2 protein chains.
Amino acid sequence: MAVTLTDVANALGLSASTVSRALSMPEKVNAQTRERIQQTVHQMGYVPNQVARSLTSGRMDTLAIIVPDIANPFFPPIIKAVQARAARRGMTVLLSDVDEHAVDEIDRARNLAKRVDGLIMVSPRTASAHLAGLRDIPNIVFVNREVEGASFVLIDDGDGMVQAVEHLHALGHRNIAYLNGPKRSWSNALRQSAIESACARLGMTLSEFGPFEAQIQAGARAADLVYASAVTAVIAYDDLIALGVMARLTERGLRIGRDMSVIGVDDSPMSGMAYPTLTSVHVPGAEAGVAAVDIILEQLSTPGKHEPQIVELETHLIVRSSTSVPHPRDGSVAV
Amino acid sequence: MAVTLTDVANALGLSASTVSRALSMPEKVNAQTRERIQQTVHQMGYVPNQVARSLTSGRMDTLAIIVPDIANPFFPPIIKAVQARAARRGMTVLLSDVDEHAVDEIDRARNLAKRVDGLIMVSPRTASAHLAGLRDIPNIVFVNREVEGASFVLIDDGDGMVQAVEHLHALGHRNIAYLNGPKRSWSNALRQSAIESACARLGMTLSEFGPFEAQIQAGARAADLVYASAVTAVIAYDDLIALGVMARLTERGLRIGRDMSVIGVDDSPMSGMAYPTLTSVHVPGAEAGVAAVDIILEQLSTPGKHEPQIVELETHLIVRSSTSVPHPRDGSVAV
DNA sequence: CTACGGAAGGCAAGCGCTTGTCGCAATGTG
DNA sequence: CACATTGCGACAAGCGCTTGCCTTCCGTAG
């Protein structure tokens with residue numbers, strides 16, 4: 001059915017190996033011959049059979065990326081960046097959404113590992129011990145997780161969180177809340193502790209709520225807790241929760257940015273489009289994805305054992321209109 | 001390195017073919033032998049090499065789905081559904097985001113077609129003529145596109161749109177707007193004409209704006225046009241645009257649901273969480289994805305030529321709080 | 001007792017491509 | 001002019017698995 005390498009070779013009176021080489025190591029073949037081959041290839045419509053190629057070469061020309069939830073707007077930019085970067089090197093990307101089931105993640109990773117040349121894990125929830133078990137997978141890169149002995153791209157949430165707290169402090173807030181993200185979230189642990197120490201340093205009172213799932217709905221729930229407390233500003237684990245808080249608080253009659261300041265994390269596209277626009281900590285997800293791909297491509301192109309690569313990226317606060325000077329509600333808690 | 005079929009066969013003093021059969025056609029092998037084989041397989045940690053298997057069998061055990069933009073909340077549920085359904089049959093899913101570049105879509109499809117057993121195209125933008133060119137790809141299924149001679153899953157937007165118009169009419173609106181989606185969007189054409197005829201039938205005045213990209217930002221732009229017009233309600237091409245409209249209109253001082261009714265399409269998770277919650281036409285994306293997978297699996301399991309399969313799904317309006325009785329702004333246009 | 005049919009498993013031929021090795025001609029060197 | 005070098009391609013051996021066909025063996029029927 002399909003045209004094979006051999007067909008092309010026969011048509012030209014050459015051997016398959018020559019044609020093969022003309023395509024994959026052009027410099028090893030005479031320029032004229034190469035020219036003839038390319039023409040014939042074109043004209044016969046020959047397309048290499050990836051599978052056969054992989055069988056012998058061991059290369060799959062495919063990368064996989066595992067994310068917890070593509071519905072969370074934080075991930076699509078990463079995925080797109082990874083796809084774009086990989087495509088430039090002729091690689092296909094296999095995406096796997098584990099639907100926040102951390103348990104499946106390890107299996108999924110092992111499974112995909114056999115079908116790809118490299119694996120990018122974006123797994124904020126999974127226990128470190130489990131992830132560490134994947135270290136032996138060749139060309140695996142963890143995004144936003146520190147895994148000893150493996151390559152990883154770290155996004156330092158600390159900076160951004162400190163900036164967020166300082167921003168609120170500068171505006172005059174003294175009593176703020178942090179809405180914790182999912183229970184086992186590694187990012188949450190980082191964010192939480194950065195906020196705690198910043199608050200302590202600046203002498204601010206910090207209340208904590210949660211954990212909450214990284215979903216808008218959870219934010220709505222969080223909002224009522226915030227409403228009942230005496231804080232004048234709240235930092236949410238991520239934009240989704242922040243957005244949920246804003247919606248619910250607005251519904252209950254507070255004006256965001258006036259009666260209550262809200263800060264999200266991720267700087268997702270939504271944050272600029274909510275009303276009011278959401279002050280958020282920019283997390284360079286796309287850059288992290290690109291860095292991960294680059295690590296893999298680099299390793300792929302250099303044979304032998306590889307030293308784990310580590311890349312660190314920074315976060316910073318983007319101030320929009322959901323934060324302003326505190327404007328305490330009269331007396332205390334209203335209905 | 002890895003344990004191969006032959007290794008297992010040797011360890012047992014059997015031939016590779018027997019072991020192979022024991023694994024893929026268990027009934028063709030003696031129960032006892034099968035038992036022994038399974039034990040050894042387990043104990044040696046043998047895992048079939050997918051690539052080698054694919055080379056001979058032609059099966060890839062992989063499905064691909066091509067979507068225009070995973071950042072659009074309409075798609076993740078489809079993708080998740082497809083992944084889940086495929087996983088139940090032991091199939092992996094390859095996801096491709098073409099970033100709204102309709103042109104790449106055809107290439108991408110051709111490319112992926114060779115690496116998978118089936119292809120699901122969710123391509124609202126691409127010209128029908130182009131899509132039709134992909135008809136020859138075996139086991140291709142189009143979602144939300146009618147492509148003659150191919151299998152497709154159609155989501156009948158008409159019903160939902162008519163319900164939306166009737167809903168507004170019942171509330172007392174007589175002067176409404178439709179915000180067109182992307183220029184070449186097939187869905188948009190359907191939605192638009194359904195609305196036009198419903199409005200005509202009910203004697204309502206319809207203004208149209210757009211085309212707009214399916215992004216929140218575009219909705220903000222649309223909002224200003226809406227603001228300047230005399231309509232009391234607006235139906236947007238999708239939730240994203242509707243959300244953008246709501247945000248911007250709120251910013252300009254209108255109260256959504258009172259000064260302006262807004263209806264979206266897709267019933268994405270966001271619509272229930274915006275403030276106010278967004279009345280939206282529910283589009284069964286996940287169901288469509290599942291249907292598409294089922295068509296493919298069905299065809300995969302029956303050899304030979306296949307009749308194109310057609311599945312039709314319906315849409316319906318979900319009323320929330322962004323729509324209410326009209327409440328015309330004083331006089332005409334304010335600043 | 002021979003013949004035949006079916007079940008179980010072995011044999012071997014690939015699937016389409018890559019790649020190490022080798023032959024051969026053309027070129028360069030002393 | 002004999003020799004070593006180099007560049008181009010051909011040969012052939014697989015990669016790990018599937019599958020059509022064949023052999024062997026046993027049970028049953030004629």
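As the structure is a prediction and not an experimental result, all values here were calculated from the model.
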Presence of salt bridge, B/Arg85 and B/Asp294, under 4.0 angstrom: yes

Whole-Å distance separating the CG atom of B/Leu12 from the C1' atom of C/dA8: 15 Å

Donor/acceptor link under 3.5 angstrom from A/Arg21 side chain onto base of C/dG20: yes

Sugar-phosphate, base or nothing in reach of B/Ser17, heavy atoms under 4.0 Å: base

Nucleotide D/dG16, atom C1' - distance to CG of B/Leu23 in whole Å: 13 Å

Atom-to-atom span, CZ of A/Arg36 to C1' of D/dG9 - whole angstrom: 12 Å

Interatomic distance where CZ belongs to B/Arg53 and C1' belongs to C/dG14 [whole Å]: 18 Å

Salt-bridge contact B/Arg89-B/Asp117 (side-chain N to carboxylate O under 4.0 Å): no

Between D/dG7 (P) and A/Glu27 (CD): distance, integer Å: 12 Å

NZ/NE/NH1/NH2 to OD/OE distance under 4.0 Å, B/Asp69 and B/Arg125: no

Touch class at under 4.0 angstrom, heavy-atom based, for A/Arg59 against every strand present: sugar-phosphate

Sugar-phosphate only, base, or nothing, as touched by B/Val29 at under 4.0 Å among non-hydrogen atoms: sugar-phosphate

C/dC17 phosphate, OP1 or OP2, under 4.0 Å from A/Ser57 side-chain N/O: no

Touch class at under 4.0 angstrom, heavy-atom based, for B/Ser54 against every strand present: nothing

Touch class at under 4.0 angstrom, heavy-atom based, for A/Ser20 against every strand present: base

Gap between atoms CD1 and P, on A/Ile37 and C/dC17 respectively (whole Å): 13 Å

Closest-nucleotide 5' rank along DNA chain C - winner of B/Lys28 and B/Ala52: B/Lys28

Length of the line joining A/Gln50:CD and C/dC15:C1', which is rounded to integer Å: 15 Å

Residue closer to the 5' end of DNA chain C, B/Thr18 versus B/Thr56 (nearest nucleotide): B/Thr18

Distance-only side-chain donor-acceptor flag, B/Arg145 / B/Ser123, under 3.5 Å: no

B/Leu55 side chain, from C-beta outward: closest of C/dG9, D/dG16, D/dC8: D/dG16

Pair A/Ser187-A/Ser185, side-chain hydrogen bond (donor to acceptor under 3.5 Å, both in side chains): steps then yes or no: CA-CA 5 Å; A/Ser187 295; A/Ser185 164; 4.5 Å; no

Separation of atom CG in A/Asn10 from atom C1' in C/dG16, rounded to whole Å: 13 Å

Nearest-neighbour nucleotide for the B/Asn30 side chain, D/dC8, C/dG9, D/dG16 considered: C/dG9

Nearest-nucleotide pick for A/Leu5, side chain only, options being C/dT18, D/dC17, C/dG10: C/dT18

